[in-house]
Amino acid sequence: MLEKRTALLKTHLPGFYKTLFYLAVPIILQNLMQTFVNMLDTIMVGQLGAAEIASVGLGNQIFFILNMILFGISSGGSIFISQFWGKNDISGIQKTLGIMLLFSVSVASVFMLAALLAPEFLISLYSKDTAVISLGSRYLRLVAASYIFMAVSFPFQIAFRSTDHAYLPMICTVISILLNAFFNYLFIFGAEFSFFGIHVRVPAMGVSGAAIGTVIARTAETAVLFSYAFLKKFEIFSSLKSFVQFNRNFMLKYASIALPVIFNESLWGLGITFQNSIFAHAGTNAIAAFNITGTISQLTWVFFIGVGNAAGIILGKKIGAGNFEETKLYAYRFAWFLPACAIFFGLLLYPLSLLLPYLFKVGVETLFQAKCMLLELICFYPFNAFCMFFIVGFCRAGGDTKYAAFHDIFWMWCVAIPLGYAAAFAFHLEPRFIYLFLFTESILKTAAGLLRLKSGKWIKDITG
């Protein structure tokens, strides 16, 4: 057995990095650009004050929950798509995509109605600051129009990634970024200019302008995605009829694998938004520092999002093709590669922490807390990186979604959140110490992931 594994190692793993980065780089670049836009939004809104930062951050928590549910739906589907792609089963991919679209649009419609009809109530769940509620509800009501576009484009982006067209979502994101940056600046701060002899004056709209810029960008992104795929005649992009040919048995099979992922992402997203609520109730400075930390850290975290998702696609294709031994070898390589990269990328956060006073016009205390949070994050980055591979990478690639869902949810809700809540409201600790308690989740989850990886029980051919 050892000789066989050694032979496989020499035969297949030299192409490991080439295969990985062929898939990962477009995903990394796409997420980096999306993060840059989010960071740009925060910096632009940050010029208006702490209340504006908090309001947009909390307004986006509603979208964050929706995004987690959409990611769960699409992530569950990507397990099937990767394995179907390994078998070259286009019909299976189209049926899976049809179910993903049905669920995504239904959920997004509910969120859009809630954001349009009761934005004040939604923001008040996170903050009691009347200024934050007023600004946040204004932002939320306008940005709700983008939810349906996101629900339609998200499944197709995931499907294109899993079928070796990862560059298209990246191209669409570039267009979205350019439009978002332009219209955000235009509508947040206002401008006057002449166009073919016509004088135009755009009033400054503050947080409302940020919402309008986001809607325009996401609409354009969706339009380009479908137009390009249709013109290039991508394999999975054919008639509408091909997306509704799934039957009851296939839907039940999809549900058995995807529902734990949807449940996982929904509760995980709810956990993240609960953490935001803890910081928001701890004070406007606390939530502002938390949002600043998240915005800065995402600049490096996009690497692990990209590699984690690419790992899942690679492992899923190998499982679908029946290469189980090679699947294990790739998984072991990923298991040390991501934490090793986390040490390097984590250190990049330190110089970024020194730039905070130049990027955000907030108080000294907010900047101090944000800097401390970033330094804490550096120490826990290797654990976070392995957890990404554990949940999004090898467990989902093999259809082992129940095990992944349990450990992703249990340690967050039963350990990390109670400790963070106690630190904030029982012991009244500073935001940096509240943040520190939340990292207990990643340590415990890493231990569970290592045990599962070694057992090999996560490898399942769910399309056979």
For this session: Hey, could you give me each pair passing side chain to side chain donor-acceptor pair (under 3.5 Å) that has a residue in residues 366-381? Not counting sequence neighbours.
Result: Asn285-Thr366, Thr300-Tyr381, Glu365-Gln369, Gln369-Glu430
Problem set entry | Heavy-atom side-chain proximity of Thr401 to Asn264 below 4.5 angstrom | no
Exercise. Closest heavy-atom contact between Ala282 and Ala286?
Worked result: CB-CB, 4.0 Å
Problem set entry | Separation of Tyr350 OH from Leu377 CG (nearest 0.5 Å) | 15.5 Å
Exercise. Can you check side chain to side chain contact (heavy atoms under 4.5 Å, CB included) on Tyr435 and Phe279, steps first, answer last?
Worked result: CA-CA 9 Å; Tyr435 192 63; Phe279 282 100; 4.0 Å; yes
Problem set entry | Heavy-atom closest pair, residues Cys387 and Thr446 | SG-OG1, 3.5 Å
Exercise. Salt bridge (charged side-chain N to carboxylate O under 4.0 Å, His left out) with Asp129: which residues, sequence neighbours excluded?
Worked result: none
Exercise. Do Ser134 side-chain atoms and Ala131 backbone N/O form a donor-acceptor pair below 3.5 Å?
Worked result: no
Problem set entry | Test salt bridge (charged side-chain N to carboxylate O under 4.0 Å, His left out) applied to Lys317 - qualifying residues, sequence neighbours left out | Asp164
Exercise. Side chains of Thr222 and Met150: closer than 4.5 Å at any heavy-atom pair?
Worked result: no
Exercise. Taking Ser74 for the side chain and Leu70 for the main chain, is one N or O donor matched with an acceptor at less than 3.5 Å?
Worked result: yes
Problem set entry | Phe334/Phe394 aromatic ring centres below 6.0 Å | no
Exercise. Is there side-chain contact between Glu441 and His407, with at least one heavy-atom pair below 4.5 Å?
Worked result: no
For this session: Indicate the atoms forming the closest heavy-atom contact of Asn384 with Ser442, along with that distance.
Result: OD1-CB, 3.2 Å
Exercise. Hey, mind stepping through Tyr421 and Phe274 against side chain to side chain contact (heavy atoms under 4.5 Å, CB included) and telling me if it holds?
Worked result: CA-CA 10 Å; Tyr421 188 89; Phe274 194 88; 4.3 Å; yes
Problem set entry | Residues Arg161, Leu23; criterion side chain to side chain contact (heavy atoms under 4.5 Å, CB included); working and verdict | CA-CA 8 Å; Arg161 286 179 183 177; Leu23 285 170; over 6 Å; no
For this session: Under the salt bridge (charged side-chain N to carboxylate O under 4.0 Å, His left out) rule, collect the residues that match up with Glu52, sequence neighbours excluded.
Result: none
Exercise. Can you tell if the side chain of Leu66 reaches within under 4.5 Å of the side chain of Tyr147, non-hydrogen atoms only?
Worked result: yes
Problem set entry | Which residues share a side-chain contact (heavy atoms from CB on, under 4.5 Å) with Leu419, sequence neighbours left out | Val415, Phe437, Thr440
Exercise. Between Trp336 and Phe386, does a ring-ring contact (aromatic ring centres under 6.0 Å, His included) hold up when you go through it step by step?
Worked result: CA-CA 8 Å; Trp336 68 258; Phe386 179 82; over 10 Å; no
Exercise. With a 4.5 Å limit on heavy-atom distance, are the side chains of Cys395 and Phe390 in contact?
Worked result: yes
Problem set entry | Test item: Tyr126 and Ile133 side chains (from C-beta on) under 4.5 Å apart, heavy atoms | no
For this session: Please examine the side chains of Ile171 and Glu221, heavy atoms only from C-beta on, and report whether any two atoms are closer than 4.5 Å.
Result: no
Seminar exercise, completed: Sorted by chain and residue number, the salt bridge (charged side-chain N to carboxylate O under 4.0 Å, His left out) partners of Lys402 (sequence neighbours excluded) come out as none
Exercise. Do the numbers put Lys457 on top of the ring of Tyr403, so that NZ or CZ is under 6.0 Å from the six-membered ring centre and no more than 45° off the axis?
Worked result: no
Problem set entry | Worked verdict on Ile319 versus Lys460 for side chain to side chain contact (heavy atoms under 4.5 Å, CB included) | CA-CA 7 Å; Ile319 293 170; Lys460 303 168 187 175; over 6 Å; no
Problem set entry | Side-chain (Ser78) to main-chain (Ser75) donor-acceptor, under 3.5 angstrom | yes
Exercise. With a 4.5 Å limit on heavy-atom distance, are the side chains of Ile79 and Val261 in contact?
Worked result: yes
Exercise. Regarding Asn309 and Arg396, is there a side-chain donor-to-acceptor distance under 3.5 Å anywhere?
Worked result: no
Exercise. Does the ring of Phe149 carry Arg218 above it, NZ/CZ under 6.0 angstrom from centre and within 45° of its axis?
Worked result: no
